[in-house]
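A note on names: the letters A, B, ... follow the listed sequences, proteins ahead of strands, and every chain is numbered from 1.
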Number of protein chains: 2
Amino acid sequence: MTQTQQYIDANRDRFLAELLDFLRIPSISADPAYAGSVRQTAEWVANNLRQAGADHVRLEETAGFPIVYGEKMVDPSAPTVLVYGHYDVQPADPLELWDNPPFEPVIKDGLIFARGACDDKGQVFMHVKAFEAMLASGELACNVKFMIEGEEEVGSDNLGLFVASNKDLLKADVILISDTAIIANDIPSIDVGLRGLSYMEVAVQGPNRDLHSGVYGGAVANPINILCQMIASLHDEFNHITIPGFYDGVLDLSASDRAAMAQTPFDLDAYQKDLGIQSVHGEKGYSTIERASIRPTLDVNGIWGGYTGEGAKTVLPSMAYAKISMRLVPNQSSDEITRLFTEHFISIAPKGVKVSVKAHHGGEAYLMPTDSIAYQAASDALATTFGKEPVPTRGGGSIPIVALFEKELGVKSILMGFGLDTDAIHSPNEHYGLFNFYKGIETIPHFFSNYKQLSN
Amino acid sequence: MTQTQQYIDANRDRFLAELLDFLRIPSISADPAYAGSVRQTAEWVANNLRQAGADHVRLEETAGFPIVYGEKMVDPSAPTVLVYGHYDVQPADPLELWDNPPFEPVIKDGLIFARGACDDKGQVFMHVKAFEAMLASGELACNVKFMIEGEEEVGSDNLGLFVASNKDLLKADVILISDTAIIANDIPSIDVGLRGLSYMEVAVQGPNRDLHSGVYGGAVANPINILCQMIASLHDEFNHITIPGFYDGVLDLSASDRAAMAQTPFDLDAYQKDLGIQSVHGEKGYSTIERASIRPTLDVNGIWGGYTGEGAKTVLPSMAYAKISMRLVPNQSSDEITRLFTEHFISIAPKGVKVSVKAHHGGEAYLMPTDSIAYQAASDALATTFGKEPVPTRGGGSIPIVALFEKELGVKSILMGFGLDTDAIHSPNEHYGLFNFYKGIETIPHFFSNYKQLSN
């Protein structure tokens, strides 16, 4: 056993206690009422990083929440690993669905329950503790830089500017990120692909005011009925998206890649049972894993219009609205998809309504080659600590800054996360396994030593 | 000129002043916060009816708001007219869209602006004042009974029981109701048909919790997308409703009836301009008037699900909901349509979701024959006071108690209303014309004398 691992074992309890403190501060970036707590969290991270032994630890101010920076340059000839993570968290509502208050962490059945336990505090903190252990043991094989932001849950608006303005400071050979999941605690995996995102908001206007549905029903276009028809038309009977040009940029997987993906362990019964559904549902010709990772999608995230209170109101409303987002795959372009959606949606509106479309933040899809040394270093590290080689998976979610990093810094990211899909991120009762927290801290030092070795 | 008309002319200002007092009391039956005001309004009506000269005026208590009753039996051999109306009003929200407070009536451009001005206080009050004038002038040709309820806007839940339990008290030859509209102030009309109503509420459940749309999007059924598809499927490309058996009960109009209906004056440009739409929209093969009156319809009155706040949230929600109502025509049955809708909606749900359906209050469609003496009496009365014969029209809205009256009392209702479609009932800035208020008071006595004459 390495000295790093001995150090980790000797300090397990303190590591956990510190994580619980980290989880207690409600760093909800989406809600202005918590702005003070978000800043407080940034300061907590900076202090902890400082105590772990990092140099030049500081808060880099932005137009929004600060980015925590710190570094340790041990050897100019060694490769440099840039660790990215975020200290902000999703809002916790609906609060009534939490078994325990979201910012009062509890440990039950080997799981740490709190908002941010997995996404991303538990995961980013593994890196700070692994760093502390490697440094204290004199076994830090690579130079390391930390860039931990506070706006990931609200679109990382200010990160791009920071990165573009600090290319020298952030110069590195690889970016290491833990904000994704493994397949299961006995089936390690590495996310080699992320889907992109295009997020639209539409409004459909019928008459210029709410109308009595008896006097006018049947004679004028009802914007809710029309919106439903327009949304329904965006998929055909095979659940294939009908927007013209939508699939043009899609890089289809080779037959061998699909065959390899089909080997990924997946328990359909358990998946359906966990979600309480009778059946999965998606694009004809693709498996569930493929539908959730290498195929683009279109989901309505929210819809509203007309009377939504108690009882009945016979109104033919003036307006109907929806938020619609699309997950994209390489090489679809987020801006191009936004344009295609907008043109198409406006074109399918019937004459009796007016339609408006606006775009929210998007992000590009991403792919990391499995023959890269970064992937090899991570794969070997997981093989060591899990006792079996990890499966390369394509993630369903988007981390837009990964494409941003490649564009601005010319550096690829390795997504070596330790969460589980069942951790309920973005949902009530989010949690993170003690197993996963400690396994991550144990694995990260192997990545560093592997990466150093493979870089020679 | 009759003495009745002289009396009306001499008391015009007082009639209006009393109406404004009536309008000031916020009798919002849907909102428990106004229960006291609703009762206060009932008492105001009873007092006014008493002062007008009616006998046995009292509040008939129900499980909800009281029904105001009063009568004048002038001649056992004369026919008896039962006058129905309601003293409760719709809620006024959204308040910010009113130019003046909804319960502080103002008169502008010959229009009385207030919630309830047309629906139904202005209209029912015409009957109380016409009665007062006829009685004071010794020209009351028929016996008259008043039944004015306080729950029409919330479904008249307790009226059915009252009517069924008081058949002797309410014995009459015809029921006279003013709660509908004429085509224009120079184009009188009588509503000889009303559409029925079936009002459904549906819920679609996908996964058992909100999910991250990146991790699960494309792999599981999104209940909002599914709900949109199910709703969209309820109409075909000709805007014909696709529920099996839906049209089975529909009594098609004869070619001559359709030809007569096509003669109804209708200004499509003005209609579209008033509503701010480029084009009307409805069932292929039918005119706008037909679509809004003699054809059944399906409208979504409200829809909601997922994230509906500011900005973007990448959620694949657990639930989606909609309120859907159908206007029915003779001889469709409200209960049967409710059953057909429920069966069909559940049957079209795909396997990845669970669907639940519940029904709110409905009502039957209604038809009054134009060769009846009641219709003739009203038609002649309008011909006298407007100088031209009225057009028989089929109304789009539902007044469910009309079918109830026929069922329980065996009596037809004549819908001799004096409102206009532009009066904005159920909307902000509801109003009623001074012209219409006084024309109604002038016309009602002619109905009474005609009806007496035609009954001999």
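- For the set A/G218, A/P223, A/G276, the count of heavy-atom pairs under 4.5 angstrom toward chain B peaks at A/G218.
- A donor-acceptor pair under 3.5 Å is absent between the side-chain atoms of B/N222 and the main chain of A/D299, judged by distance alone.
- When each of B/H426, B/Q272, B/Q229, B/E310 is scored by its heavy-atom pairs under 4.5 Å with chain A, the top score falls to B/H426.
- Between chain B and the residues A/G311, A/S427, A/A322, the most heavy-atom pairs under 4.5 angstrom are made by A/G311.
- Contacts between A/Y199 and chain B at a heavy-atom distance below 4.5 Å involve the side chain alone, from C-beta outward.
- With respect to chain B, the highest number of heavy-atom pairs below 4.5 Å among A/K354, A/R327, A/Q278 belongs to A/R327.
- Considering only heavy-atom pairs separated by less than 4.5 Å from chain B, the leading option among A/A181, A/G302, A/G306, A/G282 is A/G302.
- Looking at A/Y271, the atoms closer than 4.5 Å to chain B (heavy atoms on both sides) all sit in the side chain, from C-beta outward.
- The residue among A/I425, A/T288, A/D421 with the most heavy atom pairs within less than 4.5 Å of chain B is A/D421.
- Note that CG of A/N225 and CG of B/L298 are 6.5 Å apart. Values are rounded to the nearest 0.5 Å.
- If you tally non-hydrogen atom pairs under 4.5 Å between each of B/Q205, B/H235, B/K313 and chain A, the highest count goes to B/K313.
- Of all the listed residues (B/P428, B/G305, B/P317, B/S325), the one sharing the greatest number of non-hydrogen pairs under 4.5 Å with chain A is B/G305.
- Listed in order of number, the residues of residues 289-297 of chain A that approach chain B to under 4.5 Å between heavy atoms are A/R291, A/A292, A/T297.
- Most heavy-atom pairs under 4.5 Å with chain A: of the set B/A232, B/G352, B/A424, B/A312, this distinction falls to B/A312.
- Of the atoms belonging to A/P350, it is side-chain heavy atoms, and not backbone ones, that fall under 4.5 Å from chain B.
- To the nearest 0.5 Å, atoms SG (A/C228) and CG (B/L227) are separated by 6.0 Å.
- Options B/A30, B/S279, B/G206 differ in how many heavy-atom pairs under 4.5 Å they form with chain A, and the most are formed by B/S279.
- Contacts of A/K323 with chain B are made by side-chain atoms alone, with heavy-atom separations under 4.5 Å and no backbone atom involved.
- When heavy atoms are compared at a cutoff of 4.5 Å, A/H361 does not approach chain B at all.
- Only the side chain of A/I226 comes within less than 4.5 Å of a heavy atom in chain B; its backbone stays farther off.
- Neither the backbone nor the side chain of A/I324 comes within less than 4.5 Å of any heavy atom of chain B.
- The two residues A/I303 and B/I224 come nearest to each other via the heavy atoms CG2-CG2, 3.5 Å.
- With a threshold of 4.5 angstrom between heavy atoms, A/Q90 approaches chain B through side-chain atoms but not through N, CA, C or O.
- Taking all atoms of both residues into account, the shortest heavy-atom contact from A/V315 to B/N301 is O-ND2, 2.8 Å.
- For residues 207-214 of chain B, a heavy-atom distance under 4.5 Å to chain A picks out B/P207, B/N208, B/R209, B/D210, B/L211, B/H212, B/S213, B/G214, given by residue number.
- For the options A/T308, A/L316, A/V280, heavy-atom pairs under 4.5 Å to chain B are most numerous at A/T308.
- Residue contact with chain A, scored on non-hydrogen atoms closer than 4.5 Å, is absent for B/L234.
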